[in-house]
Q: 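Quick one: this structure, given as structure tokens, is what I'll be asking you about.
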Number of protein chains: 2
Amino acid sequence: MKTIKNKNLKSLDQFVDEQYGKKGTKKRDNFEKGYEEFKLGFILQQARLEKGMTQEELAEKVGTNKGYISRVENNIKDVRISTLQKIIEKGFGGHLELAIKM
Amino acid sequence: MKTIKNKNLKSLDQFVDEQYGKKGTKKRDNFEKGYEEFKLGFILQQARLEKGMTQEELAEKVGTNKGYISRVENNIKDVRISTLQKIIEKGFGGHLELAIKM
DNA sequence: AAAAAAGTTGCACGATAATACAACTTTTTC
DNA sequence: GAAAAAGTTGTATTATCGTGCAACTTTTTT
């Protein structure tokens, strides 16, 4: 067992700029469509790294396997609200907050 | 077509107090477990009523049927993140915001 | 109190999330 | 640069959501 260093932690904005280019570019615009979902995986990954956990450790706490965690973090899978809550509560000891922004 | 009056709108806290009793009582404590999911349905219903929409009108905007909306508002069904986004975006013209609270 | 509108519930079917495990690839460690 | 750890991906199975429609109940309107 070891502690993961936080050197890879970066802000979402920073990450997106690097990965998809600045706002206004075609690639970035295309990306923006799937943004919310992407953000979810990113947030979960950030939370995990901040706690210094591996995907496998998180999986064990949540009661699933690392393959599933990997897919969620990479937005390969849509998730149910209850699953998201389970990950956050059991995995991080926090809770999910939902809001509708107008 | 008619406009629904907002007389039934009430705060979540008010509603929960009425329905489950004040904090500390056994019934209320039991309720707190499923709280977040309940809250989701409640929030969706509040948003709909604030817009003066019926379940059927919302369903049409979202591209589903009123039966499904009813079940979601009453927390009979778990929902996927993508479905929640669809309801909020197409139905209310807003967007979903997710956060992890520690 | 009858009619209309709104909301709930039952059932069936197709789509897909959740789960499990193993093999493979990438990253980190020594 | 070899070994170990971490992460990704393929495949199969099970559970459940999302959709559609109809019948029923409750609420609102006239």
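Here is the naming used below: chain letters follow the sequence lines, and residue numbers restart at 1 for every chain. Hydrogens, waters and symmetry mates are skipped; everything else that's a heavy atom, side chains included, is used. Bear in mind that the values here come from a model prediction, so they are computed numbers and not experimental data.
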Q: Answer yes or no: does a side-chain N or O of N65(B) lie under 4.0 Å from OP1 or OP2 of dC21(D)?
A: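 Indeed not, no polar side-chain atom of N65(B) lies that close.
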Q: Report yes if a side-chain nitrogen or oxygen of R71(A) is closer than 4.0 Å to either non-bridging phosphate oxygen (OP1 or OP2) of dT16(C); otherwise report no.
A: no
Q: What I want to find out is whether E73(A) reaches R48(A) closely enough, with some N-O distance under 4.0 Å, to be called a salt bridge.
A: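 Looking at R48(A) together with E73(A), the answer is yes, because their closest N to O distance falls below 4.0 Å.
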Q: Could you run down nucleotides 12-17 of chain D 5' to 3' and tag each one B, S or - for protein heavy-atom contact under 4.0 Å?
A: ----SB
Q: Quick one: does R71(B)'s side chain have a donor or acceptor within less than 3.5 Å of a partner on I76(B)'s backbone?
A: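 Pair absent, no side-chain N/O of R71(B) close to backbone of I76(B).
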Q: Please check this pair: side chain of K77(A) against backbone of Y68(A), looking for a donor-acceptor N/O pair closer than 3.5 Å.
A: no
Q: Heavy atoms only: give me the nearest N65(A)-A59(A) pair and the separation to one decimal.
A: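 Reported closest heavy-atom pair: C-CB, 3.3 Å.
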Q: Just wondering, do K61(A) and M53(A) contact through their side chains at under 4.5 Å, heavy atoms?
A: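 They are in contact (side-chain heavy atoms under 4.5 Å apart), so the answer is yes.
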Q: Nearest heavy-atom pair of V62(B) and I87(B): which atoms, and what distance?
A: CG2-CA, 3.8 Å
Q: Without decimals, in angstroms, what is the distance between L58(A) CG and dG7(D) P?
A: 10 Å
Q: Separation of I69(B) atom CD1 from dT9(C) atom C1', in whole Å?
A: 15 Å
Q: Rounded to whole Å, how long is the line connecting atom CD of Q45(A) with atom P of dA6(D)?
A: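 Taking CD of Q45(A) and P of dA6(D), I get 15 Å after rounding.
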Q: Just the rounded figure in Å: distance from C1' of dT27(C) to CD of Q55(A).
A: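 The distance from CD of Q55(A) to C1' of dT27(C) comes to 12 Å, rounded to the nearest Å.
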Q: Less than 4.0 angstrom between a side-chain N/O of S70(A) and OP1 or OP2 of dT8(D), yes or no?
A: yes
Q: Rounded to the Å, how far apart are E56(B) CD and dA4(C) P?
A: 16 Å
Q: For the side chain of K86(B), counting heavy atoms from C-beta on, which of dT19(D), dA18(C), dT8(C) is nearest?
A: dT19(D)
Q: In whole angstrom, what separates K66(B)'s NZ from dA22(D)'s P?
A: 12 Å
Q: Between C1' on dT9(D) and CG on N74(A), what's the gap in Å once rounded to a whole number?
A: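 Value for this atom pair: 11 Å.
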Q: Looking at every non-hydrogen atom in both residues, tell me the closest pair between L96(B) and Q85(B) and how far apart they are.
A: CD2-CG, 3.8 Å
Q: Within this structure, what is the CZ-to-P distance between R48(B) and dA6(C), rounded to whole angstrom?
A: 10 Å
